[in-house]
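These notes concern the structure reproduced below.
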Number of protein chains: 2
Amino acid sequence: MKDPGRRPTPFPRRGHNHAKCVRHALVAAAELCARQGERLTPLRRRVLELVWSSHQPIGAYAILDRLKTDGRSAAPPTVYRGLEFLLEQGLVHRIASLNAFIGCADPGHAHSVQILICTQCGAAAELDDGRVNKALGRSAAENGFSVEGRIVELSGVCGSCRGGGDRARAGHRPHVA
Amino acid sequence: MKDPGRRPTPFPRRGHNHAKCVRHALVAAAELCARQGERLTPLRRRVLELVWSSHQPIGAYAILDRLKTDGRSAAPPTVYRGLEFLLEQGLVHRIASLNAFIGCADPGHAHSVQILICTQCGAAAELDDGRVNKALGRSAAENGFSVEGRIVELSGVCGSCRGGGDRARAGHRPHVA
DNA sequence: GCGGTTGGTGTTATATTATAACATTAACAC
DNA sequence: GTGTTAATGTTATAATATAACACCAACCGC
């Protein structure tokens, strides 16, 4: 997101207060829906909460399983409808390369983002770098192409997993080949 | 293979000699495999030919159907193995947003490309714009992320479709510089 | 309230995409 | 030729996604 102060990483710290992330996402969603005149029903809210259950992208069927353990009646369309709504509202992003979903860190603002996917910890984060968007737009325009939608997904290793930042020390990560 | 002169569009003209595209792709593939010491078997060659049967991305099961009508014994793994090989050699690209495949226009050179997908004619083309790659790399690096793989897929309208069919027929050049 | 309309959800079935696991055959090395 | 490996054949199933129709509840105009 556009943070004037440069952040070392858009990935959350290990051991951060994740409940806060979830709470914030739900509040922001409620506000956004209220503004838009859209209904954040209990089901939709619950799907969003499940998407936010971690910073790792979650698949539709994982969400489905968790809805079922809620005791709720649920089938694939239940989940996909919820996700469709959340996607339309810009509350979640779909990650095409994983067939999975992640909560949008900046709903209502970021409409075209670059997704970073850490192959080591599995977390995904988003950027919205104007220079990237500009370069993409210019490149397309020069080639006679008028852009409607963009998918940008980078896989690699996040700063934390690389050992650079705050948490390499704290923790120790599983050996992943 | 990399054309230093800028082209008005990376999309082929309507009515171009497509047989030539296919022939060229197959020759280039044979050469590349020879150089790499890899085996372009009849099956792999046929899968590549089918991927190149048009400039529209083709799904694995469409390839499968066509293999079957060849009279050849074929099942999903047949196709996916062929595609896996071709992907490894850089002879085809997978388009994550479509679950489909397209022949690589510049095998052996372009390893990280931007895919343009025309929502009107369904064709896909690729670019390898250094400025885009640079912007992506810089953006990631500034955020502590070390990039391993990139997926960039832009959907929109290609130059030929933007002006209506007439321009494409006439071989008209899109106006954007 | 009543009745119609709409949007959301429930439910069943099926389509689409992809891989696991093991058997068989072809190519090559010696 | 025989053993080894790579490639393909074959069967089964996993994983992802949507179609189609039924039901219900909220809202709307009256």
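Values below: all heavy atoms of this structure, side chains included; hydrogens, waters and symmetry mates excluded. Lettering follows sequence order; numbering is per chain, from 1.
Formation of a donor-acceptor pair under 3.5 Å by the B:Q56 side chain with backbone atoms of B:C121 is found in this model. A donor-acceptor pair under 3.5 Å is formed between the side chain of B:H16 and the backbone N or O of B:R13.
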Every protein N/O lying under 3.5 Å from an N/O of nucleotides 4-7 of chain D:
unit_1	atom_1	unit_2	atom_2	d
D:dA7	OP1	B:R44	NH1	3.4
D:dA7	O5'	B:R44	NH2	3.4

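Residues A:C104 and A:H109 have side chains not in contact (no heavy-atom distance under 4.5 Å, counting atoms from C-beta outward).
Salt-bridge formation is not detected for the pair B:E84/B:R81: no Lys NZ or Arg NE/NH1/NH2 atom is positioned less than 4.0 Å from an Asp or Glu carboxylate oxygen.
Between A:I102 and A:V51, the shortest heavy-atom contact is C-CG1, 3.6 Å. For B:I115 against B:A124, the heavy-atom pair with the smallest separation is CG2-CB, 4.2 Å. Here the closest non-hydrogen pair linking A:A135 and B:A135 is CB-CB, 4.1 Å.
Remark: B:N99 is not in phosphate contact with C:dT16, judged by side-chain N or O atoms under 4.0 Å from OP1 or OP2.
Of the residues in residues 55-84 of chain A, A:Y61, A:P76, A:P77, A:Y80, A:R81 come within less than 4.0 Å of DNA chain D through at least one heavy atom, sorted by number.
In this pair, A:F11 and B:F145 present their aromatic rings parallel. The plane angle is below 30°, not in the 30 to 60° band.
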